[in-house]
Structure formats: C-alpha cells, structure tokens
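Values below: every heavy atom of this structure, side chains too, minus hydrogens, waters and symmetry copies. Remember, predicted model here, so these are calculated numbers, not experimental data.
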Amino acid sequence: MTADRTRDEVAGWWATAVSRIEPGVIELRGRPVQDLIGTTGLTGMIWLMLRGDTPTPRESALLEAALVAGVDHGPQAPSIAIARMAATCGVGLNNAVATGVNVLGDVHGGAGEQCVALLDEICDTGDAAAVVARWRAGSPYLPGFGHRFHPVDPRRAPLLALVDDAVRDGVVAGRHLAAARAVEELLNARAGRHVPMNIDGATAVIYAELGFPAPLARGLFVLSRSVGILAHAWEETQQGRRIKGPIPPSILPAYLGPDAG
C-alpha cells in the first residue's frame, strides 16, 4: 500500500460534511466559525449543523419555541431526579448531566419521535382513523396525547397557536398539524373523554412541520431537556447533600417478600 493510498484511507475514515478543521481553519457546514460568532444564535446553529442550511427567522422562532417548551418538568421527571441523585454522589457535573440524558429512552423521552412517526403515517395514508386503530391495537396509549400529570398540558396551546400562525403565513404546510388534530378528535369522540395533545405531541407537530425526521425529534428533545438537567444538577451540587436517594431516609420501601417474583 502506497503512502498516498494510506493517507487517503485514513482521511476517509472519519470523512464528514459537518465540519472542516485544519490549522487556523474551523468551518461548520462550509461556513467559517468567525462569521457565525455574534451573528448566529444557538437555534440557528442547531439547524445549520443538522440541516446544512440556515432557517428563516420564522422557522428559527418556531424551533426555538419547541426547544424552550421542553426544557424542564421538575423532579417528577426521571431524567431530572436521577441527575440530581447522581450529582450528590460526587460524579461531577458532566457525569450527572450524562446520567440524566441516558435515561431519555423510548418511554421517557421517546414520545416525540414516536408521535412524528404516527403523524407521518397519517400524512402518507390520509386515513387517521385506520392509523390510530392500528397503533392502539399495540398499546392503549398514543404517543403525544394525554398526560399522567396535567389534565391539559399548559404548553400545548401556545405551541399550537404558533403553528397556526405559521400555517396561515405559509411558513409551514400544516399537514402534520391537521393530522394531530384529527387524532385528538378521534380520541375525544366518546362522551366524557378528554385526551388532549401534550408537549410531545405539540413539539412533534413543530419538528415534523419543519421537516425534521422522527429520530431527530428525540435528539432535539434531548438538547432541550439537557438545559433543565444541567440546572437541576448544578442546584443540587450547591445544596451540599451527599448520596441523596430517591425517597427520604425516613420512608422505607415496602418489602414484598421472597416469593414476590
């Protein structure tokens, strides 16, 4: 193997279009970092790094609203609680944040991705009732609808109002918004039922309307929730408590016995 071939093979090992880093050069998606500093906000940078172009001001505002809405939900959220516990174990702030992020899985943190997939399927087929029936055959819960804590998620209305405005002004097409509202109507068709869209559903609408594929809905939620995780982990480190468990030490877990399985 020639030296040139070896060099080319090594250079191609981590070939990337995301960034170009050379001595004295830092380019992100082809744009010199010095041109981005002071001119591009964090939301615009997220869009640029993921998409390779820059959003319009309205697109950026819509994405930012979704990111802001998902930042925190208090220690009721496992990702927040576990980050706070980790912070009291002396693992350091970075590890406490990583601990919280690492529990954002299919059940806690994955509903936005799942909801985008649901809405995509409705947009592709044009049959909300059939898609909902198929999804509910596998689980009584639909991702993005209903909330175990809030009768009506307070983040729903302002997010959907922004999407309504964006549809009216031609910023987004509105197909995923219409699909989500069709699901909501189906879920509430029976008298006495009220299963409104939640934060995962409302942000899924935004991410899908902006053209982000379903897996990135989870990635974007992780970025958003990382802010809250960091804030809680930092607060916990300032309180000086050590080895803080999930419940106060005065309360002992119920013992189920050796035959409980």
Over 12 non-hydrogen atoms of neighbours within 6.0 angstrom of [atom1] in [X]:
X: I26; atom1: CD1; answer: no
X: I247; atom1: CD1; answer: yes
X: R168; atom1: CZ; answer: yes

Co-membership, hydrophobic cluster, residues [X] and [Y], 4.5 Å side-chain:
X: M45; Y: I37; result: yes
X: W234; Y: L223; result: no
X: L104; Y: V71; result: no
X: M197; Y: F221; result: no

Testing the basics here: between [X] and [Y], what is the closest heavy-atom pair and its distance to 0.1 Å?
X: W135; Y: A117; result: CZ2-C, 4.1 Å
X: P151; Y: P196; result: O-CG, 3.5 Å
X: R29; Y: L50; result: NH2-O, 3.8 Å
X: R225; Y: A77; result: NH1-CB, 3.8 Å
X: A217; Y: V116; result: CB-CG2, 3.8 Å
X: L177; Y: E209; result: N-OE2, 2.9 Å

Ignoring hydrogens and geometry, is there a side-chain-to-backbone donor-acceptor pair from [X] to [Y] under 3.5 Å?
X: S224; Y: L67; value: yes
X: S139; Y: R136; value: no
X: N198; Y: D153; value: no
X: E59; Y: T56; value: yes
X: Q114; Y: D106; value: yes
X: S226; Y: V222; value: yes

Value rounded to 0.5 Å, distance of SG in C89 from CZ in R241: 12.5 Å

Distance (rounded to the nearest 0.5 Å) between E27 CD and S19 OG: 9.5 Å

Aromatic F212 / basic R51 pairing, under 6.0 angstrom, 45° off normal: yes

Within a strict 4.5 Å, meaning less than it, do heavy atoms of the [X] and [Y] side chains meet?
X: V131; Y: R134; answer: yes
X: L93; Y: L230; answer: yes
X: T99; Y: I229; answer: no
X: M49; Y: L28; answer: yes
X: T40; Y: L48; answer: no
X: V68; Y: E64; answer: yes
X: E184; Y: L187; answer: no
X: V205; Y: L119; answer: yes

Distance flag, aromatic centroids of Y207 and H176, threshold under 6.0 Å: no

Listed partners of Y255 passing ring pair (Phe, Tyr, Trp, His ring centres under 6.0 Å), at least two apart: none

Test salt bridge (charged side-chain N to carboxylate O under 4.0 Å, His left out) applied to D200 and R156, step by step: CA-CA 9 Å; D200 297 309; R156 171 193 179 280; over 6 Å; no

Salt bridge (charged side-chain N to carboxylate O under 4.0 Å, His left out) between E9 and R7, worked out: CA-CA 5 Å; E9 184 176 355; R7 187 164 47 250; over 6 Å; no

